[in-house]
Amino acid sequence: MSNKKRKDVDGLRPIATTKEWKMLYFQHGRPGLEESSPYKGLCRHCEIRDICSIVKPVTGIWRCEYYQAKSIKKTNLYENVIKQLKKAEDVIHCDKDICEILAGTMNELVVHFPVKMNDGRIKMLTGYRVQHNNALGPYKGGLRFHPMVDIDEVRALATLMTWKTALVNIPFGGAKGGIQFDPGDFSSEEIERITRRFTYALGNNIGPEYDIPAPDVNTNPQIMAWILDTYMSTMTPTERNRCLHVVTGKPLELGGSQGRNKATGQGIVYLIEKWAQDHGFNLKGAIYIVQGFGNVGSWAARLMKEHGSKLVAVEDVTGAIRKKEGIDPDDLADYVKKHGGVCGYPKTDPINHEKFFQTKADIFIPAALENQITGETAEILNVKLVAEGANGPTEPEGDKVLHKRNIDVIPDILCNTGGVIVSYFEWLQNKRSEFWEIEEIDNKLKKIIIGAYERVREAAERYNVDMRTAAQIVAISRLEMVYKERGIFP
Ligand code: NAD
């Protein structure tokens with residue numbers, strides 16, 4: 001790599017320690033590697049035509065260091081979350097003592113635990129659970145398995161959970177957790193042992209009336225089932241059946257709820273419908289692009305199809321694809337299940353990160369990781385609306401640019417609340433031994449999420465602020481009121 005290209009990645013935080021990076025150098029298009037080399041492959045993502053370094057990246061897919069560092073540049077999400085909080089507090093002149101409470105977390109747990117690997121070796125792993133606030137009810141929030149998980153990220157995501165539950169008015173607080181590892185590097189049996197051992201290490205720091213985990217990046221109903229089973233095994237026989245609601249997002253057979261899988265995507269689409277209605281915009285024939293095609297992105301994409309909208313570009317960790325005639329999201333979801341990512345999906349053109357962001361469309365749904373819409377990428381986005389499925393996908397600099405360019409935003413703490421709302425329904429059903437039909441779930445979800453949208457829009461008008469600040473104002477106003485009414489013990 002030339003010095004100039006090296007310089008471009010300087011100052012960006014690597015996604016793994018240098019020790020873990022397995023790098024090889026070779027000519028693009030002429031990989032001078034042995035047939036048998038485990039490192040053989042081409043970086044499909046960057047356009048550097050000369051020497052390029054190849055790394056083993058975050059989810060087992062080969063990418064070059066240059067691309068990786070550019071696309072997964074890590075800024076401090078927690079700092080951004082606190083900046084956003086201060087901005088809203090200043091607008092409403094929030095009580096200074098309450099501001100101090102909201103700016104900090106209640107409890108932070110870091111656990112280091114050993115797990116036996118398939119080859120008999122022991123690996124030490126680090127897991128986190130941060131409980132930000134429980135003024136409105138039990139702590140609630142997802143669990144993420146990812147090598148970039150660290151205490152600051154989990155703090156930030158836990159804080160965002162408090163805003164979300166307050167904003168949509170459900171009786172939960174905010175928490176988040178995660179384990180710092182790349183599940184792509186481990187077998188299913190090893191992931192099960194990691195999950196169970198982490199659950200055991202958390203012990204009574206989670207509980208059905210205290211702190212309730214759910215799925216997030218790289219976790220799913222199967223992981224929730226293992227957590228439930230492990231948690232139950234530590235209870236006395238008489239307690240066991242009262243613990244079903246220790247996690248949400250469970251498989252249906254284990255007490256999961258209808259509609260939980262699609263819930264976050266469904267919530268996003270209800271809000272896009274509402275935005276379209278408010279702006280006299282017809283979703284039939286509208287063009288959209290999606291970043292991240294996991295739970296949130298794929299469901300949002302599939303539900304947009306029902307409106308006759310057209311998906312033209314998708315990016316995930318394996319790369320980006322584009323087809324101006326439209327991509328069938330159901331068929332793509334089947335492909336991703338079989339192949340692990342969108343890369344190589346037939347009859348589409350592979351494109352790089354920049355080209356993905358430049359794709360002309362009406363709606364962009366970021367549904368991958370945080371900090372994707374930067375000052376740079378916001379300048380090249382060519383859309384009317386950003387509906388934030390992911391948590392923290394927009395950096396403050398990116399936000400300013402979106403505002404300047406009159407691109408509407410449905411902010412994350414409103415846009416992706418479908419998941420926690422239906423998690424609340426699952427929790428209620430478990431407590432009452434009930435099973436609700438999907439129609440009931442969808443109707444209730446729509447009512448709650450659209451009600452929150454209206455409160456945010458009213459706050460935006462009343463305080464003359466953008467939707468993100470307005471959403472934050474609605475959330476903290478509720479918390480401020482509760483603290484004032486309850487007072488602080490003793
Ligand atoms: P997931 O693990 O199911 O999917 C993540 C997707 O992001 C995958 O398609 C992956 O390939 C892609 N991705 C990862 N790194 C990427 C990168 N550098 N560039 C492009 N794509 C990349 O996770 P999910 O549950 O769909 O969560 C996605 C986002 O939505 C996260 O920010 C999560 O916190 C948020 N969220 C999830 C839920 C939920 O119910 N699952 C609820 C609210 C918010």
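It should be emphasised that the depicted structure is a prediction, and the values quoted were computed from it without experimental measurement. Order of listing sets the numbers, starting from 1, for every ligand and every atom in it. Values below: every heavy atom of this structure, side chains too, minus hydrogens, waters and symmetry copies.
Each of the atoms 15 (N) of ligand 1 lies under 4.0 Å from some heavy atom of L369. Taking every non-hydrogen atom of G292 and a distance limit under 4.0 Å, the qualifying atoms of ligand 1 come out as 6 (C), 7 (O), 9 (O), 12 (C). Contact atoms of ligand 1 toward N218: 2 (O) (distance under 4.0 Å to a heavy atom of the residue). Heavy-atom contacts of R260 reach the following atoms of ligand 1: 40 (O) (cutoff under 4.0 Å).
Of the options V217, D412, L160, N371, the smallest heavy-atom separation from atom 23 (O) of ligand 1 is shown by V217. Compare V420, T248, V317 by their heavy atoms: the one nearest to atom 10 (C) of ligand 1 is in V317. Of the options A368, A320, G265, the smallest heavy-atom separation from atom 29 (C) of ligand 1 is shown by A368. Heavy-atom proximity to atom 5 (C) of ligand 1, evaluated over A263, G267, G294, is greatest for G294.
Using a 4.0 Å cut-off between charged side-chain N and carboxylate O, K384 and D408 make no salt bridge. By the 4.0 Å N-to-carboxylate-O rule, E79 lies too far from K83 to be salt-bridged with it. Note on D211 versus K140: no salt bridge recorded, every NZ/NE/NH1/NH2 to OD/OE distance being 4.0 Å or above. Taking a cutoff of 4.0 Å between a charged side-chain nitrogen and a carboxylate oxygen, K274 and E454 qualify as a salt bridge. Using a 4.0 Å cut-off between charged nitrogen and carboxylate oxygen, D330 and K305 count as a salt-bridge pair. Looking at R468 and E388, a side-chain N of the basic residue comes within less than 4.0 Å of a carboxylate O on the acidic one, giving a salt bridge.
Taking the centre of each ring, Y424 and F172 come in below the 6.0 Å mark. Centroid-to-centroid, the aromatic rings of Y270 and Y453 stay 6.0 Å apart or farther.
At least one N or O atom of V296 sits closer than 3.5 Å to an N or O atom of ligand 1. Residue N391 places at least one N or O, backbone or side chain, under 3.5 Å from an N or O of ligand 1. Residue contacts with ligand 1: Q372 is placed with no nitrogen or oxygen under 3.5 Å of a nitrogen or oxygen of the ligand (distance criterion only). The shortest N or O to N or O distance between N416 and ligand 1 is not below 3.5 Å.
At most 12 non-hydrogen atoms from other residues, nucleotides or ligands lie less than 6.0 angstrom from NE2 of H403.
In this structure, H353 does not count as a contact residue of ligand 1, since none of its heavy atoms falls inside 4.0 Å of the ligand.
With a 4.0 Å heavy-atom cut-off, ligand 1 is reached by the backbone of A367 but not by any atom from C-beta on. In R144, the part holding a heavy atom less than 4.0 Å from any atom of ligand 1 is the side chain. When heavy-atom distances to ligand 1 are checked against a 4.0 Å cut-off, M161 has no atom that comes that close, whether in backbone or side chain.
There is no side-chain donor-acceptor pair under 3.5 Å between T374 and E376.
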